[in-house]
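Note that ligands are numbered from 1 as they come in the structure, with each ligand's atoms numbered from 1 the same way. Computed from a predicted model, the values in this text were never measured in an experiment.
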Amino acid sequence: MFILPDLPYPYEALHPTVSARTLHFHHDKHHAAYVKTVNDLLAGEAQSTSLEDVVRSARGSDNAKLFNNAAQAWNHAFFWNSMTPEGGGEPGGELGRAIAEAFGGLSQLAEAFVTEGAGHFASGWVWLAAEASGGLKVLSTHDAGTLASTPGSTPLIVCDLWEHAYYLDYQNDRKGFLAKWFDTLPNWSFAEAQWRAARGEGEPWRYPAPLAG
Ligand code: MN3
């Protein structure tokens, strides 16, 4: 069975951008429910597979429920890792140079990321991703749409656009949430490791392997 990974920081750690109350609901209720549903749907089947493989095989199949829940389980774990209490600031090194090349600089990337996320209709996710061509791109996906197991695209960071991600703290001000999020929380060292993986240096982040039984 797949586990619900703990947050990589205490619930209070992202305050005041994201409150402990939001993280308790978001991780302990929403994320937990997706993981439980995936396990329920896979019950009785061999679970020696990875969540990435579950997403890959469910995508394009007629099992939309399995795809939605597996992708949401994966997206949330990736989202927790996209944030750190020491986040924000300037990404250094090669990633900083790649951002300057692709967008002109970090402030232009922030503008693109916040505009994409604020303009996205209804629920989804906003991503910074590396493309196979070597470029960087900001894009959004609808509902459970994911860049997990997506040929030609490696996610670097993601932010959750579902209302449960921000409504307790920001009510309907998604743009305000995204602007503050981008300023204070992106985990640029995680993003840099993903960017290196996209270029063949090391492995990209993977969801924790399932436990036997
Ligand atoms: Mn969510």
Side-chain angles (χ1 to χ4, degrees), residues 2-41 51-52 54-55 58-59 64-85 87-88 113-114 116-129 138-150 153 155-187 190-191 194 205-208:
F2 289 102
I3 63 159
L4 173 66
D6 289 336
L7 292 177
Y9 29 73
Y11 288 91
E12 306 75 27
L14 306 184
H15 177 85
T17 305
V18 178
S19 68
R21 187 160 180 255
T22 289
L23 282 180
H24 273 291
F25 277 105
H26 201 171
H27 176 271
D28 306 355
K29 304 294 186 191
H30 291 275
H31 192 186
Y34 295 125
V35 175
K36 180 182 185 304
T37 303
V38 171
N39 286 326
D40 289 348
L41 291 170
L51 189 60
E52 289 79 9
V54 174
V55 169
R59 174 186 282 131
K65 189 174 182 185
L66 180 59
F67 173 80
N68 285 338
N69 282 277
Q72 284 293 81
W74 195 97
N75 285 353
H76 281 87
F78 193 86
F79 177 49
W80 311 135
N81 281 285
S82 295
M83 302 183 282
T84 169
F113 194 90
V114 171
E116 178 72 23
H120 179 91
F121 184 76
S123 296
W125 300 83
V126 57
W127 309 79
L128 172 64
V138 167
L139 72 157
S140 56
T141 55
H142 283 281
D143 302 324
T146 184
L147 296 189
S149 307
T150 302
S153 216
L156 306 194
I157 54 170
V158 73
C159 187
D160 192 335
L161 301 175
W162 289 56
E163 286 185 345
H164 63 236
Y166 59 88
Y167 219 85
L168 291 174
D169 299 326
Y170 298 82
Q171 290 76 54
N172 62 330
D173 186 12
R174 183 192 285 179
K175 188 174 186 182
F177 162 63
L178 286 167
K180 198 164 166 188
W181 187 93
F182 196 93
D183 269 355
T184 57
L185 295 185
N187 186 343
F190 178 77
Q194 287 292 104
W205 178 87
R206 294 173 70 86
Y207 196 90

Using the six-membered ring wherever Trp is involved, compare the ring planes of His31 and Trp80 and label them parallel, tilted or perpendicular (cut-offs 30° and 60°).
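The arrangement is tilted - the two ring planes meet at 30° to 60°.
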
Specify whether an N/O/S atom of His164 falls short of 2.8 Å from the Mn ion (ligand 1).
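For His164, the answer is yes, given that an N, O or S atom comes within less than 2.8 Å of the Mn ion (ligand 1).
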
Would you say His31 has an N, O or S atom lying under 2.8 Å from the Mn ion (ligand 1)?
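So His31 does not count as coordinating the Mn ion (ligand 1).
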
How long is the straight-line distance from CG of Asp28 back to CG of Leu23, given to the nearest 0.5 Å?
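Rounded to the nearest 0.5 Å, the CG-CG separation comes out at 9.0 Å.
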
Gap separating the NE2 atom of His15 from the CG atom of Asp169, nearest 0.5 angstrom
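His15 atom NE2 to Asp169 atom CG measures 9.5 Å (nearest 0.5 Å).
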
Starting from the Mn ion (ligand 1), look over the N/O/S atoms of Asp160 and name the nearest one.
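The nearest such atom is OD2.
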
Round to 10° and report the angle made at the Mn ion (ligand 1) by NE2 of His26 and NE2 of His76.
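Reported to 10°, the angle equals 90°.
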
Check for me whether the distance between the ring centres of Phe113 and Trp181 falls short of 6.0 Å.
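Yes, close enough.
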
